Amino acid sequence: MKKVLLINGPNLQLLGRREPDIYGTVTLDDIVAAQHALAAELGLTLTAFQSNSEGEVVSRIGATLSDGTDGILINPAAYTHTSVAIRDALAAVRLPAVEIHLSNVNGREEFRHRSLTAPVCCGVIAGFGADSYRLALLALAEILRRDTEQRKK
Ligand code: DQA
């Protein structure tokens, strides 16, 4: 069974109460539960990790080199726009990664338009609220399926 790691960055533990007009009323626990259910349907195992600390996110990404993770889903939250360290960690481990945002970052303040992490991800899903997570997991499952097919050839 392929292993997916879901990483959530700073302030996402406040989902449900945090700026609900922008981020909706779904909690992070609800999102993680839905991700576990969808992963099981897709034949994947999922581990979820949330941290408000940049260093902890960097360390967790680095740990994927020895814990059998096959792919990463990441909402780096505010670190999307600032973190060279998270970008370098994603580049270092070279696992397929999909970047997630609940909000349509490109339609918001200009400082949210730039993502330092997107260039080292396979793609970005943004703007669909909690469904961004669902769509991202479907995309990652497809990437992992194709990788497996490719290896068989
Ligand atoms: C976010 C968008 C970021 O700009 C913001 O800092 C967040 C959440 C989103 O999911 O829409 O914390 O990543």
Side-chain angles (χ1 to χ4, degrees), residues 2-42 44-65 67 69-144:
K2 297 245 172 180
K3 281 178 72 174
V4 169
L5 172 65
L6 168 65
I7 300 175
N8 280 290
N11 301 310
L12 294 172
Q13 84 282 8
L14 302 177
L15 284 178
R17 281 174 297 157
R18 174 191 183 201
E19 299 181 89
D21 44 319
I22 297 174
Y23 298 116
T25 52
V26 178
T27 67
L28 186 58
D29 281 350
D30 293 337
I31 289 174
V32 170
Q35 290 285 97
H36 277 296
L38 179 57
E41 268 176 47
L42 296 166
L44 302 167
T45 57
L46 184 126
T47 305
F49 174 80
Q50 189 275 330
S51 177
N52 294 322
S53 148
E54 183 178 22
E56 282 180 11
V57 173
V58 169
S59 297
R60 187 64 192 86
I61 294 168
T64 61
L65 283 183
D67 72 0
T69 298
D70 296 294
I72 297 174
L73 298 170
I74 183 164
N75 184 345
Y79 291 138
T80 307
H81 318 297
T82 62
S83 181
V84 175
I86 293 176
R87 175 201 178 110
D88 285 354
L90 289 168
V93 301
R94 301 179 60 160
L95 289 173
V98 178
E99 180 169 312
I100 302 171
H101 299 287
L102 295 130
S103 64
N104 177 7
V105 280
N106 290 306
R108 298 180 62 195
E109 305 95 321
E110 204 156 330
F111 67 85
R112 295 186 205 276
H113 297 182
R114 186 179 71 152
S115 169
L116 295 188
T117 42
V120 294
C121 291
C122 305
V124 179
I125 299 193
F128 300 99
D131 280 343
S132 291
Y133 284 82
R134 185 179 174 77
L135 296 168
L137 180 51
L138 291 170
L140 185 59
E142 183 59 18
I143 291 164
L144 295 175

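All figures in this text were calculated on a predicted structure; none of them were measured in a lab. Whatever order the structure lists ligands and atoms in, that order sets their numbers, starting from 1.
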Please step through side chain to side chain donor-acceptor pair (under 3.5 Å) for the pair T27 and D29, ending with a clear verdict. CA-CA 5 Å; T27 67; D29 281 350; 5.3 Å; no

Show, in sequence, the C-alpha distance, side-chain angles and deciding distance for S51 and R60, and conclude whether the side chain to side chain donor-acceptor pair (under 3.5 Å) test is met. CA-CA 10 Å; S51 177; R60 187 64 192 86; over 6 Å; no

Determine, step by step, whether N52 and E54 satisfy the side chain to side chain donor-acceptor pair (under 3.5 Å) criterion, reporting the C-alpha distance in whole Å, the side-chain angles of both residues, the deciding distance to 0.1 Å, and the verdict. CA-CA 7 Å; N52 294 322; E54 183 178 22; over 6 Å; no

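Within the 4.0 Å heavy-atom shell around ligand 1 one finds V105. Remark: distances from the non-hydrogen atoms of H113 to ligand 1 are all 4.0 Å or more. Within the 4.0 Å heavy-atom cutoff, N75 counts among the residues contacting ligand 1.
With hydrogens and angles ignored, the 3.5 Å screen pairs no side-chain donor or acceptor of Y79 with any backbone N or O of R87. The backbone N or O of T80 sits nowhere less than 3.5 Å from a side-chain atom of S83 that would complete a donor-acceptor pair.
Aromatic ring orientation, H101 versus H81: parallel (interplanar angle below 30°, classes split at 30° and 60°).
Atom 11 (O) of ligand 1 has as its closest protein heavy atom S103 OG, 2.6 Å. Closest to atom 1 (C) of ligand 1 among all protein heavy atoms lies H101 ND1, 3.6 Å. Among all protein heavy atoms, the one lying closest to atom 12 (O) of ligand 1 is R18 NH2, 2.9 Å.
Of all atoms in ligand 1, listed by their number and element, those nearer than 4.0 Å to a heavy atom of H81 are 3 (C), 4 (O).
Here's the thing with L102: one of its N/O atoms is less than 3.5 angstrom from an N/O atom of ligand 1.
Counting heavy atoms under 4.0 Å from ligand 1, residue R112 touches it through the side chain alone.
In this structure, CD1 on I100 lies 7.0 Å from CG on N8, to the nearest 0.5 angstrom.
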